[in-house]
Amino acid sequence: MQDYLKGLNEPQLEAVTHINGPLMIVAGAGSGKTKVLTTRIAHLMAHGIDSFNILALTFTNKAAAEMKERVEKILGNTEARNLYIGTFHSVFARLLRAEAHRLGYPANFTIYDTDDSRSVIKTVVNELNLDDKHYKPNIVGSRISAAKNALMTPAEYALDHFIQQEDMRANRPAIAQIYAAYASRCFKNGAMDFDDLLLKMYEVLKHFPDALHKYQHKFKYIMIDEYQDTNPVQYQIAKLLAAVHENICVVGDDAQSIYSFRGATIENILQFQKDYDDVKVVKLEQNYRSSKNIIHVANEVIRNNKGQIPKNLWTDNAEGDKIRLVRTMTDNDEGRFVADTIQEQKLRNHYLNRDFAILYRTNAQSRSFEESLRRMGIPYRIYGGVSFYQRKEIKDFLAYLRVIINTKDEEALKRIINYPVRGIGKTTIEKCVIIANEQNIPMFDVLTRAAEFGFKAGTLEALQNFVTMIRYFQSLLTEKNAYDVAVQVGKHTNIVKELFNDKTTEGLARYENIQELLNSIKEWIESPANEDGEVGNKSLGAYLQQITLLTDADDDKENSDVVKLMTIHAAKGLEFGCVFVAGVEESLFPSGMAINTREELEEERRLFYVAVTRAKQRLWLTYANSRYRFGQLVQNEPSRFIDEMPEQYIDKSYAGGGARNSTGFDQRFGGFGAAPARKAPVSRQPSKPEYLPPAPPNKVVEHKPSIDFVASDVSALQAGQEVEHQKFGFGRIVAIEGSNHNPIATIQFQLNGEKKIMLNYAKLRIVE
DNA sequence: GCTCACGAAATTTTT
DNA sequence: TTTCGTGAGC
């Protein structure tokens, strides 16, 4: 047996060694799904399948990167770089660069993120003389998105009886019209939104048999991760691509389907067996992640859902602690409880910051945790706020690059035409837009031909100067790389200088962000492969396309020792030693927006299932009697999901109803009936995604070495190992750097923070 | 064309 | 409570 097959359990082995024909892997939470996927890819290659013929699709860049890395590790060579591993969006964006011309798009089409897309909708709504208060971009946008994900064209949308009735009932009859206008505007701008990356890929395959043939024979082996989250477009694409060879392997867990609001249909996984003859089904039911108590609770709660794929998740792990249910008076008390408990657990059970995650239903809940953690000096990072690339100054700067690459990109053009100020005012811009619409030409062409349209001399000059500048940047493209062009943009437009001279705090931050952006472009240029593995294409166009598909979860500083705060959605696929699920209250979790139908409620329950199964050893569920929402105090009942958990796995001693004790809990957290403790008005710091407490002073918290302290041989020391230092105490290796002769370990000590230790001199005892 | 002040809306989840 | 957009005024 090959080495890489060792250590797989029986169903895992079965899945990995199935080579030809359709395969469905039902992978319970924590059942080694990624291991199976990556090992299977390695196995395919070991059996002579060319890496160029394998396609693996995921939902997040992170999952894709991890997969690629692990395959590379198993194989021990660079063959893995030829694999097509990436998110649906990034892989299709890459293919569309080569194919979009068939549909009339430029190869350098722009990718609109949600903000861009909403902004186009707003423009279009106004141009149609509709009220954008009533036709809110978000509402309209999600209708359009749903239509696209269901493969519905504007014409079909307008003719669909059910849809039209829905829109009439909501008093928004013009959405069909807006959809049509939006689609043609995006096309005119040479731009695709996120949904288009899927939809246009589908159209290419559907309408161009030679393209379909090409990719069917290129991707002889297809794997799809998180199949329960695929939507109809993704489903159809997969079906088309797999039609010839039928070597399609899907992996998923119907119990973790949590993206129906984004068009995902759980039916795809439930029906997979009917789509192909002779589907092999493998169930991975052994959980390697969590304690017995956690698994039991998760199983019991999810049982309340109907129509699942039958499965029995079990574990050999220890029974573990009971799940702790905690009730507090207010959301602030909830924050304080969590921060206190983290501190206590760190001391008592030797956890590091990074072993903790605080999970919540909505991003807005992060505030109370931020405040308490900061007050306790516990470093944390919030995932899923505004991504770096969505910040205004970054988007403004990128807009230049976008226009240089694609002058038809009107969204970008409007951002920069008068930034920095160059005397092209609102009136002029409006006039340009109107002319562009009348003549049906791109707005940039109005600028280049400004002389024809009777602008005043001063305005005309300003417009022409702008065009000249853009043309100059474009002329650099042939000989300069993306970074050099970006630097020129920063210089020539005066953006960098202007921000540099702005000495306010925000100005300083903006300046730093631009510098960071430039650095990241440079880094990208120098990296061997792009995110999705496209080697060699370092053009500015390629850079822009992949940048739009990045989220802030992707630039993960995996090694930093911080508590992680994120929504449950963002936590899918991750695991932590200790998990707090916060705000387990009716109307918050399950969300008040999602309790109107059985389907919605079941999705909330699956979300709860996902939350619970993130925990390895310890799990807390917290809820507050009252919390601030819209600045108003509201009272919530405990979540119905709490009632669905069997008592025997729950420790309710902090939940109010049970025996109360003398731990001081009541005083600290308000207990029953106490007036909601309004905290003294703390000067509110701007919410930053990351907080690192000031470096601890050089004062060392004394550590008494263990009685059996013997220095270990540290020559094979690796990141992740736990060690004891005679003076600094217990800690975990973060990284080993330095040369072979003089290795330096970065160690995160529990009591003394992060230190760099020279291994040639220090005496360390390896604990694990 | 920019700044300030006021009022209204916001909170479900995201590639 | 905070953020965002609008409109008046400079």
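We name chains A, B, ... by the order of the sequence lines, and we start the count at 1 in each one. Quick caveat: nothing in here was measured; it's all calculated off a predicted structure.
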Report task. Quick one: list whatever passes salt bridge (charged side-chain N to carboxylate O under 4.0 Å, His left out) with A/Asp116, sequence neighbours left out. Result -> A/Lys395, A/Arg402

Report summary line: Residues at least two apart in sequence or cross-chain that pass salt bridge (charged side-chain N to carboxylate O under 4.0 Å, His left out) with A/Lys200, listed by chain then number, are A/Glu203

Requested in this report: Apply the side chain to side chain donor-acceptor pair (under 3.5 Å) test between A/Arg627 and each candidate in A/Glu334, A/Gln632, A/Gln635; give the one that qualifies.
Outcome: A/Glu334

What is the distance from [atom1] of [X] to [atom2] of [N], rounded to the nearest Å?
X: A/Asn126; N: C/dG5; atom1: CG; atom2: C1'; answer: 13 Å
X: A/Lys392; N: C/dT3; atom1: NZ; atom2: P; answer: 17 Å
X: A/Asp116; N: B/dT15; atom1: CG; atom2: P; answer: 16 Å
X: A/Asp113; N: B/dT15; atom1: CG; atom2: C1'; answer: 11 Å
X: A/Asp132; N: B/dA8; atom1: CG; atom2: C1'; answer: 14 Å
X: A/Gln390; N: C/dC4; atom1: CD; atom2: C1'; answer: 16 Å
X: A/Tyr628; N: C/dT2; atom1: OH; atom2: P; answer: 12 Å

Query - Ring centers of A/Phe59, A/His89 separated by less than 6.0 Å - result: no

Query raised in the report: Taking the six-membered ring for Trp, are the ring centroids of A/His569 and A/Phe261 within less than 6.0 Å of each other?
Result: yes

Query - Nearest atoms (heavy-atom pairs only) where A/Phe388 meets A/Asn513 - result: CZ-O, 3.4 Å

**Report entry** Expected output: side-chain A/Asn418 to main-chain A/Ile424 donor-acceptor under 3.5 Å
**Finding:** yes

Report task. Verify, without hydrogens or angle tests, whether A/Asn406 (side chain) and A/Gly190 (backbone) share a donor-acceptor contact under 3.5 angstrom. Result -> yes

Query - Spatial distance of atom SG (A/Cys186) from atom CD1 (A/Ile121) [nearest 0.5 Å] - result: 8.0 Å

Report task. Mind telling me whether A/Phe219 and A/Tyr84 have parallel, tilted or perpendicular rings, with 30° and 60° as the class edges? Result -> perpendicular

Could you write out each protein N or O paired with an N or O of nucleotides 10-14 of chain B at a distance under 3.5 Å?
unit_1, atom_1, unit_2, atom_2, d
B/dA10, OP1, A/Lys136, NZ, 3.4
B/dT12, O2, A/Arg361, NH1, 3.2
B/dT12, O2, A/Arg361, NH2, 2.5
B/dT13, OP1, A/Asn363, N, 3.2
B/dT13, OP1, A/Asn363, ND2, 3.4
B/dT13, O4', A/Arg361, NH2, 3.4
B/dT13, O2, A/Arg361, NH2, 2.8
B/dT14, OP1, A/Thr567, OG1, 2.9
B/dT14, O4', A/Arg262, NH1, 3.2

Review item, nucleotides 7-10 of chain C N/O atoms under 3.5 Å of protein N/O:
none

Might you list the N or O atoms of the protein lying below 3.5 Å from N or O atoms in nucleotides 1-5 of chain B, with each pair's distance?
unit_1, atom_1, unit_2, atom_2, d
B/dG1, OP1, A/Gly425, N, 2.7
B/dG1, OP2, A/Lys426, N, 3.1

Can you give the donor-acceptor pairs under 3.5 Å from side chains of residues 132-141 of chain A to other protein atoms, not counting sequence neighbours?
unit_1, atom_1, unit_2, atom_2, d
A/His134, NE2, A/Asn171, O, 2.6
A/Tyr135, OH, A/Ala174, N, 3.0
A/Asn138, OD1, A/Arg118, NE, 2.9

